[in-house]
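Written out below as structure tokens is the structure these notes cover.
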Amino acid sequence: MGGSHSDIAIVGAGMAGLACATKLSAGGRSVQVFDKGRGPGGRMATRRVEIPSEKGPETVRFDHGAQYFTARDAGFLAVVEKWEKMGAAARWAAASRRENDPAFVGTPGMNAPIQAMARALGTVSWNTRVEHLLRLDSGWRLSTSDGDTQTASNVLVTIPAEQASDLLQEVAPKFAQIAGSVTSEPCWAVMVAFDRRLPIARDIFREPKKRISWAARDSAKPGRVGVENWVLHASPKSSRQIIDRPKEEVAEILLADFFAQTGTEPVKPIHLAAHRWLYAQPASLPAEPAYFDSKARIGVAGDYLHSPRVEGAWLSGTKLAQLVLEDQP
């Protein structure tokens, strides 16, 4: 970063952060976004894996975070329709609960909308964890894990509640307290592929009270190709019970649970991996969807302030941008 200065620095390039950045950029503001991840995704993550097959190595995508999203707000629906037109999203009928409430997925992976948003901005720094904020007379100084610094006139924090609370503790205690009051449920996710289709007719299992609360045939989603692959999500209760177990052990445990719940004869997978989401499902706060301190020039947004959904994150980030635009420094 070389000590450069930004008008607005946004910490977090998930849906809330990029929605905020997009609206601010459209409003003529200069924005720089920082994210600790290697690339776009956040909870809308997609993992690419090379899996051997009879035709040679195949690239398989696992949507191991958010499985789909809905769009009920008119503004968000308009954005989703743009993603559809550009091929970054598609409707997934199997996940729709009602005919007039369609479910959407990113194509060819859930992170496609996030990728499109980041690409349009062109000002996202990946692999950049902001570890410390310092209030200056003229704004803010951001220190990152690689020892670099960046200054900004405004700082907007859009990372998960627990992480936001830690980052804001010294510089914005009121916002830190709000974020710190949120409790997020963990989730172990399993990504598994097979060399043949499993004898299971359904593509989706929603069983919130069982050990595997969600299971989906990822290879059946729109825009997917390749071998038979599934994503399994353990329930919050099950995830807590094995929260600190090794990934390899967790994958085996939850795959066995999946076979038992579906009544399927166990089949040896050709790929099996697990990922732990510590902050998978935040409890939303019934207050404001975003906060901005116009005097200190710092704000917060995230799905935990609105609703624990992709749309909730977008609405929160968009609201924060609106607050900043309405309060020009």
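Everything numeric in this text was worked out from a predicted model, so none of it was measured.
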(request) Report the distance from atom OG of S238 to atom NE2 of H233, rounding to the nearest 0.5 Å. (result) 13.0 Å

(request) Would you name the heavy atoms of L232 and L254 that are closest together and state the gap between them? (result) CD1-O, 3.9 Å

(message) Taking F34's backbone N and O only, do any of them form a donor-acceptor pair with S125's side chain (distance below 3.5 Å, no angle check)?
(response) no

(request) Look only at the side chain of T59 and the backbone of E50, and say whether a donor-acceptor pair between them is shorter than 3.5 Å. (result) no

(request) Please answer: with hydrophobic residues joined when any side-chain heavy atoms are less than 4.5 Å apart, are V60 and V105 in the same cluster? (result) no

(message) So D73 and W314, do their side chains get closer than 4.5 Å, heavy atoms only?
(response) yes

(request) Check P113 against G106 and note the closest heavy-atom contact, atom names and distance. (result) CD-CA, 3.8 Å

(message) Keeping T123 on the side-chain end and Q32 on the backbone end, is there a donor-acceptor pair under 3.5 Å?
(response) no

(message) Any heavy-atom pair between the side chains of M15 and M117 that's under 4.5 Å?
(response) yes

(request) Kindly determine whether Q67 and M110 satisfy side-chain contact (heavy atoms from CB on, under 4.5 Å), including the steps that lead there. (result) CA-CA 7 Å; Q67 294 294 291; M110 274 297 289; over 6 Å; no

(request) Kindly indicate whether the side chain of V192, heavy atoms from C-beta on, has any atom under 4.5 Å from the side chain of H271. (result) no

(message) Would you say T22 and S25 are linked by a side-chain donor-acceptor pair, where the criterion is simply a distance under 3.5 Å?
(response) no

(message) I'd like to know if I270 and I200 are part of one continuous hydrophobic network [Ile/Leu/Val/Met/Phe/Trp/Tyr, side-chain heavy atoms within less than 4.5 Å].
(response) no

(message) Please find the pair of heavy atoms, one from A220 and one from W92, that lie closest to each other, and give the distance.
(response) O-NE1, 4.1 Å

(message) Just verifying a value: how many Å separate M191 CE and L255 CG, rounded to the nearest 0.5 Å?
(response) 12.5 Å

(request) Would you indicate whether the side-chain heavy atoms of V80 and F69 approach each other to under 4.5 Å? (result) yes

(message) Given 3.5 Å as the limit, does a donor-acceptor pair link the side chain of R245 with the main chain of A251, or not?
(response) no

(message) Is there a path of hydrophobic side-chain contacts, each under 4.5 Å between heavy atoms, that joins L315 and F104?
(response) yes

(message) Nearest 0.5 Å, please: how far is CG in L325 from CD1 in I8?
(response) 7.0 Å

(request) Inspect the contact between E311 and R72 and indicate whether a charged nitrogen and a carboxylate oxygen are less than 4.0 angstrom apart. (result) no

(message) Using 0.5 Å steps for rounding, measure from the SG atom of C20 to the CZ atom of R29.
(response) 10.5 Å

(request) Calculate, to the nearest 0.5 Å, the distance between atoms CD and CG belonging to Q177 and L168 respectively. (result) 12.5 Å

(request) Output yes when R240 and E185 qualify as a salt bridge under the 4.0 Å nitrogen-oxygen rule, no when they do not. (result) yes

(message) For A176 versus S165, what's the shortest heavy-atom pair and its separation?
(response) O-OG, 3.2 Å

(request) Heavy atoms only: give me the nearest Y68-R206 pair and the separation to one decimal. (result) OH-NH2, 3.1 Å

(message) So S96 and D101, do their side chains get closer than 4.5 Å, heavy atoms only?
(response) no

(message) Please report the interatomic distance NZ(K82) to NZ(K85), rounded to the nearest 0.5 Å.
(response) 8.5 Å

(request) Decide yes or no for L305 and E288: does some side-chain heavy atom of the first lie under 4.5 Å from some side-chain heavy atom of the second? (result) no

(message) Can a donor-acceptor pair be found, under 3.5 Å and without considering hydrogens, that links the side chain of W140 to the backbone of A296?
(response) yes

(request) Determine, step by step, whether V171 and L134 satisfy the side-chain contact (heavy atoms from CB on, under 4.5 Å) criterion, reporting the C-alpha distance in whole Å, the side-chain angles of both residues, the deciding distance to 0.1 Å, and the verdict. (result) CA-CA 7 Å; V171 297; L134 179 65; 5.9 Å; no

(request) Identify the residue among Q281, R43, R309 that makes a side-chain hydrogen bond (donor to acceptor under 3.5 Å, both in side chains) with D303. (result) R43

(request) Let me see the working for V157 and V130 under side-chain contact (heavy atoms from CB on, under 4.5 Å), right down to the final yes or no. (result) CA-CA 10 Å; V157 177; V130 175; over 6 Å; no

(request) Determine yes or no for a side-chain-to-main-chain donor-acceptor pair under 3.5 angstrom, with Q261 supplying the side chain and I212 the backbone. (result) yes

(message) I'd like to know if the side chain of T128 and the backbone of W126 have a donor-acceptor N/O pair within less than 3.5 Å.
(response) yes

(message) Between R276 and D244, does any NZ, NE, NH1 or NH2 come within less than 4.0 Å of an OD or OE carboxylate oxygen?
(response) yes

(request) Salt-bridge test for D327 and R297: reply yes if a basic N is under 4.0 Å from a carboxylate O, no otherwise. (result) yes

(message) With no hydrogens and no angle check, just 3.5 Å: does a side-chain donor-acceptor pair link T46 and D63?
(response) yes

(request) From the options L142, L156, T158, select the one residue that forms a side chain to side chain contact (heavy atoms under 4.5 Å, CB included) with V11. (result) L142

(message) What verdict does the side-chain contact (heavy atoms from CB on, under 4.5 Å) test give for V231 and V190, after you've listed the backbone C-alpha separation in whole Å, the side-chain angles of each residue and the deciding distance to 0.1 Å?
(response) CA-CA 6 Å; V231 168; V190 171; over 6 Å; no

(request) Kindly check if the number of other-residue, nucleotide or ligand heavy atoms within 6.0 Å of CD (E131) is above 12? (result) yes

(request) For W230 and F258, run ring pair (Phe, Tyr, Trp, His ring centres under 6.0 Å): C-alpha distance rounded to whole Å, both residues' side-chain angles, the deciding distance at 0.1 Å, then the answer. (result) CA-CA 10 Å; W230 288 74; F258 169 67; 5.2 Å; yes

(message) Any side-chain to backbone donor/acceptor pair from S6 onto V31? Under 3.5 Å, distance only.
(response) no

(message) Any heavy-atom pair between the side chains of W277 and H64 that's under 4.5 Å?
(response) yes

(message) Does this structure show an ion pair linking E84 with R91, if we count only N-O contacts that are shorter than 4.0 Å?
(response) yes

(message) Distance to the ring centre below 6.0 angstrom and angle to the axis at most 45 degrees; does that hold for R197 and F194?
(response) no

(request) Answer with yes or no whether the side chains of S4 and Q150 bring together a donor and an acceptor at under 3.5 Å. (result) yes

(message) Checking side-chain polar atoms at under 3.5 Å, does H132 have a donor or acceptor matched by the opposite partner on R141?
(response) no

(message) Grouping I, L, V, M, F, W and Y whenever their side-chain heavy atoms are under 4.5 Å apart, do I242 and Y279 come out in a common cluster?
(response) yes

(message) For a 4.5 angstrom cut-off between non-hydrogen side-chain atoms, does D166 reach E162?
(response) no

(message) Side-chain heavy atoms nearer than 4.5 Å, only ILVMFWY residues, links allowed to pass through others: does that put V227 and L272 together?
(response) no

(request) Could you tell me whether D218 and R224 make a salt bridge, using a distance below 4.0 angstrom between a side-chain N and a carboxylate O? (result) no

(message) Quick check against the 3.5 Å criterion: does D35 have a side-chain atom that pairs as donor or acceptor with the backbone of A13?
(response) yes

(message) So which atom in I298 and which in F175 form the shortest heavy-atom distance, rounded to 0.1 Å?
(response) O-CE1, 3.4 Å

(request) Take E228 and R217, measure what salt bridge (charged side-chain N to carboxylate O under 4.0 Å, His left out) needs, and give me the verdict at the end. (result) CA-CA 7 Å; E228 169 93 344; R217 181 180 270 124; 2.9 Å; yes

